[in-house]
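Inspection log for the structure reproduced underneath, given as structure tokens.
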Amino acid sequence: MPRQVDHEGRRRQIAQGVFELIAERGLEAATLRDVAARAGVSMGAAQRCFRTKQDMLLYALEHMNEQVTARIQAHIADSDEPGSTLTILEQTLLGTFPTDEQGRAEARVWLAFSAQAAVDPKLAAVQREQYEGLAELITLLIRVAQDAGQLAHDLDAGSEAEFLITYADGLNMQLLLSRQTPTTARAALHRRLTALRTP
């Protein structure tokens with residue numbers, strides 16, 4: 001009887017190989033041959049899972065985003081006030097910070113994809129979609145906090161969400177360059193969110 005292949009599991013296995021190679025050596029390191037070797041599969045198996053290298057890279061980006069989301073949700077659940085809208089808001093933004101080895105690897109991969117997105121419309125579209133989803137979530141959280149009297153009512157939720165995402169992106173870069181430490185970056189974000197609270 002032929003052995004059953006977990007197609008989706010193999011795709012995730014290959015995506016992890018892509019992630020590791022890009023985190024270590026940049027996007028140019030993610031050749032089909034090297035990815036297959038890192039993932040422990042044959043080149044033929046990798047080609048059966050992904051029609052093109054671009055398909056493989058796009059899937060790896062989506063896979064990384066799912067992992068980041070799962071980690072953020074776990075941090076929220078482990079926080080002192082997991083049901084607080086402000087906790088969810090702060091932890092969502094903090095969850096993108098490269099404050100440990102996994103986070104630094106994710107940030108390096110995201111930046112590598114961002115550089116490529118400048119010349120790759122399909123990749124740019126995926127990253128825009130991910131940013132738009134984050135902006136919708138942050139906007140919703142701000143509005144819920146406003147309704148609860150926790151944040152100032154005169155805030156433009158959409159504009160503030162965009163600012164917070166841009167601010168967090170800037171802190172991410174400063175962390176990668178060691179111009180900020182995890183402690184100072186967390187404090188900077190906390191100060192910004194505190195300034196938005198209702199007097």
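Remember, predicted model here, so these are calculated numbers, not experimental data.
The CE atom of M43 sits 11.5 Å away from atom CZ of R48, with the distance rounded to the nearest 0.5 Å. Here the straight-line distance linking atom CD1 of I88 with atom NE2 of H75 works out to 14.5 Å at 0.5 Å rounding. If you take CD on E162 and OG1 on T139, they are separated by 6.5 Å, rounding to the nearest 0.5 Å. Here CZ of R143 is found 14.0 Å from OG1 of T85. Values are rounded to the nearest 0.5 Å. Distance CG/L123 to OG/S114: 8.0 Å, rounded to 0.5 Å. Between the CD atom in E132 and the CD1 atom in I165 there is a gap of 10.0 Å [rounded to 0.5 Å].
Taking the side chain as every heavy atom from C-beta outward, F113 and L57 approach each other to under 4.5 Å. Counting heavy atoms from C-beta outward, Q67 and Q16 have side chains that approach closer than 4.5 Å. With a 4.5 Å cut-off on side-chain heavy atoms, L164 and I142 count as touching. Looking at heavy atoms from C-beta onward, L58 lies out of side-chain contact with E62 at the 4.5 angstrom threshold. In this structure the side chain of I14 reaches within 4.5 angstrom of the side chain of R10, judged on heavy atoms. Using a 4.5 Å heavy-atom threshold, the side chains of L61 and Q130 count as touching. Between L94 and T99 the shortest side-chain heavy-atom distance does not fall below 4.5 Å.
Grouping the Ile, Leu, Val, Met, Phe, Trp and Tyr side chains by contacts below 4.5 angstrom, directly or via other members, places V144 apart from I76. Taking hydrophobic clusters as Ile, Leu, Val, Met, Phe, Trp and Tyr residues chained together by side-chain heavy-atom distances below 4.5 Å, L134 does not share a cluster with L111. The same ILVMFWY cluster, assembled from side-chain heavy atoms under 4.5 Å apart, contains both L171 and F163. F97 and L193 fall within a single hydrophobic cluster, where Ile, Leu, Val, Met, Phe, Trp and Tyr are joined by side-chain heavy atoms under 4.5 Å apart, directly or via other members. Under the 4.5 Å side-chain heavy-atom criterion for grouping Ile, Leu, Val, Met, Phe, Trp and Tyr, L176 is not connected to V109 through any hydrophobic cluster.
Between the side chain of Q174 and the main chain of R179, no donor-acceptor pair closer than 3.5 Å is present. At least one donor-acceptor pair under 3.5 Å links the side chain of Q146 to the backbone N or O of L155. Distance alone, capped at 3.5 Å, places no donor-acceptor pair between the T184 side chain and the Q180 backbone. Side-chain N or O atoms of R71 include one that pairs as donor or acceptor with a backbone N or O of G95 at under 3.5 Å.
Closest approach of A117 and Q127 over heavy atoms only: CB-OE1, 3.5 Å. Across all their heavy atoms, A15 and A60 have their closest contact at CB-CA, 3.9 Å. Across L27 and A112, no two heavy atoms sit closer than the pair CD2-O, 4.2 Å. Minimum interatomic distance between L93 and A168 (heavy atoms only, all atoms of both residues): CD2-CB, 4.2 Å. A30 and M56 make their closest contact through O-CE, 4.0 Å (heavy atoms, listed as atom of the first residue, atom of the second, distance). Shown here for P182 and L175, the closest heavy-atom pair between the two residues is N-CD2, 3.5 Å.
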(message) Pair Y59, R11 - check side-chain contact (heavy atoms from CB on, under 4.5 Å), show working.
(response) CA-CA 8 Å; Y59 182 87; R11 283 164 64 87; 3.1 Å; yes
(message) Run E160 and D156 through side-chain contact (heavy atoms from CB on, under 4.5 Å) and show every step you take.
(response) CA-CA 6 Å; E160 189 60 39; D156 183 308; over 6 Å; no
(request) Report the C-alpha separation of D55 and T52 in whole Å, then their side-chain angles, then the decisive distance to 0.1 Å, and conclude whether the side-chain contact (heavy atoms from CB on, under 4.5 Å) test is met. (result) CA-CA 5 Å; D55 287 343; T52 65; 3.2 Å; yes
(message) For L151 and L86: C-alpha separation, side-chain torsions, deciding distance, then whether side-chain contact (heavy atoms from CB on, under 4.5 Å) applies.
(response) CA-CA 9 Å; L151 293 181; L86 294 181; 3.8 Å; yes
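Looking at Q91 and T87, their side chains never bring a donor and an acceptor atom within 3.5 Å of each other.
Remark: R192 does not engage E90 in a salt bridge, criterion side-chain N to carboxylate O under 4.0 Å. Under the 4.0 Å criterion applied to side-chain N and carboxylate O atoms, R38 and E24 are assigned as salt-bridge partners. The pair K53-E28 does not count as a salt bridge, with every side-chain nitrogen at least 4.0 angstrom from each carboxylate oxygen.
The aromatic rings of W110 and Y131 sit perpendicular to each other, their planes meeting at more than 60°, with 30° as the lower class boundary.
No more than 12 heavy-atom neighbours from other residues, nucleotides or ligands sit within 6.0 angstrom of CE on M173.
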